[in-house]
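Here's the structure, in structure tokens; my notes come after.
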Protein chains: 4
Amino acid sequence: MTTPVDPDGGSARERILAAAEELFAARGFDATPTSRIAERAGVPKGLVHYYFTRKPDLLGALVERLPRERVDRAAVIVPGDVTQSLCRLVAMLDEMLAASATLSHLLWREADTHPAVRDALHERFDRLVEVIRDVVVGAREGDERGVETVALLLASAVSYRHSVTRHAGDESAARAEMTRELRFLADALDAGVS
Amino acid sequence: MTTPVDPDGGSARERILAAAEELFAARGFDATPTSRIAERAGVPKGLVHYYFTRKPDLLGALVERLPRERVDRAAVIVPGDVTQSLCRLVAMLDEMLAASATLSHLLWREADTHPAVRDALHERFDRLVEVIRDVVVGAREGDERGVETVALLLASAVSYRHSVTRHAGDESAARAEMTRELRFLADALDAGVS
Amino acid sequence: MTTPVDPDGGSARERILAAAEELFAARGFDATPTSRIAERAGVPKGLVHYYFTRKPDLLGALVERLPRERVDRAAVIVPGDVTQSLCRLVAMLDEMLAASATLSHLLWREADTHPAVRDALHERFDRLVEVIRDVVVGAREGDERGVETVALLLASAVSYRHSVTRHAGDESAARAEMTRELRFLADALDAGVS
Amino acid sequence: MTTPVDPDGGSARERILAAAEELFAARGFDATPTSRIAERAGVPKGLVHYYFTRKPDLLGALVERLPRERVDRAAVIVPGDVTQSLCRLVAMLDEMLAASATLSHLLWREADTHPAVRDALHERFDRLVEVIRDVVVGAREGDERGVETVALLLASAVSYRHSVTRHAGDESAARAEMTRELRFLADALDAGVS
DNA sequence: TATGAATGAGGTTTCATTCAT
DNA sequence: AATGAATGAAACCTCATTCAT
């Protein structure tokens, strides 16, 4: 009934994780039976508990798979042009985050009840603030005034959108808005606001 | 085991809703048995289903209870001072939202799987953007340049923080950050950024 | 949702019985909640148990309502013509039984588990055999040979059809068959078979 | 409390079906908890739903088990002697039906509410009419006059008795009656009635 | 006389987990 | 290493029945 995960998509263990990711994101952790995960992964029911003794272990393994996005600052920064730098950063982040969209959405949902998940999420937000700050400071060649505030604002906006993407509809409109916002912030910095 | 809701806190129906709100927010909808809701509300198990035939009906009733925050624009706007106006607005919103903090956090979590919840949340975000815009334009006495962007940025920041409040720790620090951010945005507008 | 029994159709007590009859016949005794009976009768839930303390009391009252069909032998018998006599008898029985079709069907179903119902049903079968015998003997002016057997055969056929009417489809075809059968039996008697 | 089904009586699945058959026949489908079926079969409660996801699936499986009685016409027909042929047929049917007496009684009860059951029952009735017709025509060496009527009458009588056996008492008396009836019908045919 | 809120026992069903193979 | 039959705790929900009004 459910479209199975590509049967040749890696090892059984891998397929189980992929199935869990999709189903957890779609219906939530508690509402997803391990039996359905097995079914969707195309493996026997026993195998799920063979690899992941308890159900929460699946979440743990999923967190491990969160890509540690390493942004190459140098590749993004356009010296003297904050707007352009942020545009390139956001584009790169979008790409990275899109690759793990369902995963991060699901983690978002389960952050409350699973501390390991919550920590991973906070860590990611902090990394996000940091990279934005680095890029802004880099583009402004050392001027740090106002940068912290802008980083937080932008990180909030990116995170908010990312976490809500699932519900929202028009993606290109969202991207246009995002561009307007970061240009606004960049212009503000250029105007000396802090 | 669980601390029961104040037994004199209104009708049985009311106590059931209060208990559901707390428990859903704490552990999630699916992880909360109706029996525990009854226990916490200090009512017999059957009464929960007497008032709310199916479990999701509890969510529905909870959404009904979301306060329709009506912000009196005139009471907030300080003509000519966007920063001050936004400060007062955010303070008022904080107060309003704090009253329904657990409720909105829980709705946030369940938005994916319960369309009624999702719609209520989107509606609330839209109202948030609108009131911010009104206040900014009011304070700037009609100047609308840049206002939409600022409204979206600020609404994102408010929503993000509000939805994550539960995980985060230091509330006063969060408030200070928020103040810095809205001042930044106000200054940017004053500097003519758009 | 359910089409209510005619609200002016007699007293509340009467309407409750009518609703119970329909619902019991349609879905069975155990599968029919008293609340649905109340709903269909257009009376408050408490009233059902006010009139009929326990649910099985409804069945008891329904059995009471079984019409004690009194067949006037003289009005049916055509002296010397068994076939015609039986035709008239069956027609009369059909009419009588049709009036209580749903009721007797439901009793049929519940006969196993409710002794009072079972007894009422056996009693009715015996009365059926008796009246057939009387009519046949009356028509044959005293000749009793073979009559008992014919009475049993015909009573079985009538009962079988009547109890199955609910499932079967074509009623007029059933009637035609029945006519053929009783003519066969009458002819057999005329031919001296016993 | 309930006498358990013979614990060595086949597989667990088999024992569950046997227990369900007995209990459904005794108290009806709706009045029999699956928990009691498990108890009687001597298996844990969960196993019932492991094999039969929903309760009605038990009925479905029971219908599957209805023996498709294949009557060997040649072994029954006594050429030229309709009475004797029918006697042998009825004896054989009695034996066959006795083996599934409780089962068919229960199906009879539940025919209204479970279409699959109803269909199985109608099918069985049609097979019954057919085999009677074949036997009568076979014994009369091709003479088909009156045979359809006799077949229907006899099938009704057999079915009626079979379905009511549960309530009735004296089985040997019932058999004697049946013999008298089929002799009557056979004689009628011999006498040229149609 | 009539009502409907309230109760709690008990029904069906789901599911994580175990374990013999 | 892999399997799937088996288990039983516990979830959701229904409903006859009671009772204060």
Side-chain angles (χ1 to χ4, degrees), chain A residues 11-13 16 20 29-39 41-58, chain B residues 11-13 15-16 20 27 29-39 41-58, chain C residues 11-13 16 20 29-39 41-58, chain D residues 11-13 15-16 20 27 29-39 41-58:
Chain A
S11 66
R13 191 176 186 282
I16 290 170
F29 177 79
D30 288 300
T32 302
T34 54
S35 62
R36 189 121 67 205
I37 295 173
E39 185 189 332
V43 302
K45 195 160 57 110
L47 203 55
V48 174
H49 284 92
Y50 177 70
Y51 283 127
F52 309 94
T53 318
R54 307 266 126 108
K55 197 181 169 191
D57 297 346
L58 278 165
Chain B
S11 66
R13 204 190 118 100
R15 291 211 308 283
I16 290 169
R27 322 217 67 95
F29 178 79
D30 287 302
T32 302
T34 54
S35 61
R36 188 119 67 203
I37 295 173
E39 187 188 331
V43 302
K45 213 170 35 160
L47 201 56
V48 173
H49 286 94
Y50 175 70
Y51 284 123
F52 309 96
T53 316
R54 312 257 128 112
K55 200 182 169 188
D57 296 345
L58 277 166
Chain C
S11 67
R13 190 176 186 281
I16 290 170
F29 178 79
D30 288 300
T32 302
T34 54
S35 62
R36 189 120 67 205
I37 294 173
E39 185 189 331
V43 302
K45 195 161 58 112
L47 203 56
V48 174
H49 284 92
Y50 177 70
Y51 284 127
F52 309 94
T53 318
R54 307 267 125 108
K55 198 181 170 190
D57 297 346
L58 278 165
Chain D
S11 67
R13 204 190 117 100
R15 290 210 309 282
I16 290 169
R27 322 218 68 93
F29 178 79
D30 287 302
T32 302
T34 54
S35 61
R36 189 118 69 204
I37 295 173
E39 186 189 333
V43 302
K45 213 171 37 160
L47 200 55
V48 173
H49 287 95
Y50 176 70
Y51 284 123
F52 309 95
T53 316
R54 312 255 127 112
K55 199 182 170 188
D57 295 346
L58 277 165

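In the text below, chain A, chain B and the rest are named by the order of the sequence lines, each starting its count at 1.
- Counting all heavy atoms, side chain and backbone alike, B:Ile16 lies closest to B:Val48 at CD1-CA, 4.0 Å.
- Projected onto DNA chain E by closest heavy-atom contact, B:Val43 and A:Thr32 fall at different nucleotides, the more 5' of which corresponds to B:Val43.
- Regarding contacts with the backbone of F:dC15, every side-chain N or O of C:Arg54 stays at 4.0 angstrom or more from both OP1 and OP2.
- Distance CD1 (C:Ile37) to P (F:dC15): 11 Å, rounded to an integer number of Å.
- You'll find that the side chain of C:Pro44 is closest to E:dG4, out of F:dC12, E:dG4, F:dT14.
- Mapped onto DNA chain E by nearest heavy atom, B:Leu47 and A:Pro56 fall at different nucleotides, with B:Leu47 at the one closer to the 5' end.
- Looking at every heavy atom in both residues, B:Ala38 comes nearest to B:Lys45 through CB-CA, 3.7 Å.
- We find that CG of B:Leu58 is positioned 12 Å from C1' of F:dC12, with the value rounded to whole Å.
- Between C:Glu39 atom CD and E:dG4 atom P the separation is 13 Å, expressed in whole Å.
- Phosphate contact (OP1/OP2 of E:dA16, side-chain N/O of A:Thr34, threshold under 4.0 Å): present.
- In this structure, the nucleotide among F:dG8, F:dT14, E:dG11 sitting nearest to the side chain of D:Ser35 is E:dG11.
- The two residues A:Ala31 and A:Pro33 make their nearest non-hydrogen contact at O-CD, 3.4 Å.
- The heavy-atom pair separating D:Thr53 from D:Asp57 by the smallest distance is N-OD2, 3.5 Å.
- Side-chain atoms of D:His49 lie closest to E:dT12 of the nucleotides E:dT12, E:dA16, F:dG4.
- Counting only Watson-Crick and G-U wobble pairs whose two key distances fall under 3.5 Å, DNA chain E forms stems of three or more stacked pairs at E:2-21 with F:2-21.
- Considering all non-hydrogen atoms of both residues, B:Lys55 and B:Thr32 come closest at NZ-O, 2.8 Å.
- Ranked by how close their nearest DNA chain F nucleotide is to the 5' end, B:Pro33 and D:Ala12 are led by D:Ala12.
- The interatomic distance linking B:Arg27 (CZ) with F:dA11 (C1') rounds to 16 Å, in whole Å.
- In this structure, D:Tyr50 reaches the F:dA5 phosphate: one of its side-chain N or O atoms is under 4.0 Å from OP1 or OP2.
- Rounded to an integer number of Å, the gap from NZ of D:Lys55 to C1' of E:dT14 is 17 Å.
- Distance CG/C:Leu58 to CD1/C:Ile37: 5.0 Å, rounded to 0.5 Å.
- For E:dG11, its base never sits under 3.5 Å from the side chain of D:Lys45 at any donor and acceptor pair.
- Following rounding to the nearest Å, C:Asp30 (CG) and E:dG11 (P) show an atom-to-atom distance of 12 Å.
- The CD1 atom of A:Ile16 sits 14 Å away from the P atom of E:dA16 (whole-angstrom rounding).
- The shortest heavy-atom contact between D:Tyr51 and D:Ala12 is CE1-CB, 4.4 Å.
- Contact annotation: C:Tyr51 side-chain N/O to E:dA2 OP1/OP2 distance is under 4.0 Å.
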